[in-house]
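Every chain is numbered from 1 and lettered A, B, ... according to where its sequence line falls, protein lines coming before strand lines.
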Amino acid sequence: MASNSRVSILDYFNIVFEGENGKIESNCKACGTRIQAKRTVTSNFVTHLKRKHQAMYDEFLRKKDVKREAYSSGAILISIMADKKATSRVSTGKRKEKSAESKAEKETEKKVENNTESDKQKENDKVKKKPEPDEEKPKGNGETAQGAQGGAEDGEFQLEPIELPPFEIIVGDRLNPSFFKFQFKNVEYSSGRNKTFLCYQVDIKGGAAEPDGVRGYLEDEHTGAHAEEAFFQQVLPQYDKSLQYTVTWYTSSSPCAACANKLTEILRARKTLRLNIHCSRLFLWEEPEIQAGLKALAKAGCKLRMMRPVDFTYVWSTFVENEEDSFTPWEDCQENYEYYDEKLTDILQ
DNA sequence: ATTTTCAAT
Ligand SMILES: [Zn+2]
């Protein structure tokens, strides 16, 4: 009942993951900042809004007041009860439709190999869309149903399961700008990313290869194969020892131990293949297995580097659907690079 | 203010 009287602060956040015990990982819809909290203790969300987005915070307070007013009125409560079936049906229908829609968009994005970038842009716009202040209609059923989500009086209002990403390797020409900005940000920990992006450039000499080489990106989504392995399964499965390969990657994360070992094996088997990996972040760099894996990988001839600010700019212009927008690396990009570079140097020496 | 690491049907 207490949760029923609370306006949904979560309207301002994209839930990335919700575990048992109500633990929530989310990104602020306005700035993308990762916020962690519990469903029952949402002060982190409120505090973030208050400190970073004053206008949204004010809107939130206004909505909350309207909500309390509504719920304190017995008459309205009764009307909500009377309409409950219809309301919940409509609202879950709406949500289903929404999730089906976004699923469909994901589908198209998966199938898009090199066309219709406008769809991606549409999705991008949708992500950025802010909640509409439509509390002008106190009888508004959508609003009521939203506020009641999580109430779970009889299961009618239970939150839908978090929509999970597809189980496929996503391949594309250029990646979504907001994905790039979030996924490639060289913060210390990659929480909330839950996947790895890999931008690749392949140049092959000695054969009838395309003069400009091949480039694109991979995005792994818990397919069993990580992006690094998927690259050699999907992009460059074949090998001709009479050719010389130069493969350059820009990855959001350094390889895990298993991938590092697989890459080491591949480099040992493909003597004429040069692999350069530039990573935004180091993954679990304190783990001995990771350190050993990276070391072996470097010893097998792989050039391993952390991405510098200039590399982020290069990826933006080369691998991101940038629509001619310029890109300015975030404030602490250089600082974070130095932080990571020091750790990588330690590992590889 | 601090937390935080390529998720699981
Ligand atoms: Zn891996």
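- Atom CG in A:Leu282 sits roughly 19 Å away from atom P in B:dT4 (whole-Å rounding).
- The CD-P distance, from A:Glu188 to B:dT2, rounds to 13 Å in whole Å.
- Rounded to whole Å, atom C1' of B:dC6 lies 11 Å from atom NZ of A:Lys195.
- Atom CD1 of A:Ile35 and atom C1' of B:dT3 are 10 Å apart (whole Å).
- Using a 4.0 Å cut-off between a side-chain N of Lys or Arg and a carboxylate O of Asp or Glu, A:Glu265 and A:Lys262 do not qualify as a salt bridge.
- Regarding A:Lys185, its NZ atom lies at a distance of 20 Å from the C1' atom of B:dC6, rounded to whole Å.
- The aromatic rings of A:Trp249 and A:Phe232 are tilted relative to each other, their planes meeting at an angle between 30° and 60°.
- Taking atom OH on A:Tyr340 and atom C1' on B:dT4, their separation rounds to 10 Å, with Å as the unit.
- Residue contacts for A:Ser253: at a heavy-atom cut-off of 4.0 Å it reaches a base atom on one of the strands shown.
- Within the 4.0 angstrom heavy-atom criterion, base atoms lie near A:Glu228.
- Using a 4.0 Å heavy-atom distance criterion, A:Ser254 is classed as a base contact.
- Centroid-to-centroid, the aromatic rings of A:Tyr200 and A:Tyr250 stay 6.0 Å apart or farther.
- A ring-centre distance under 6.0 Å is not found for A:Phe180 and A:Phe319.
- Protein atom CZ of A:Arg193 is 17 Å distant from nucleotide atom P of B:dT3, rounded to whole Å.
- Summarising the geometry, the separation between CG on A:Leu284 and P on B:dT4 is reported as 13 Å, rounded to the nearest angstrom.
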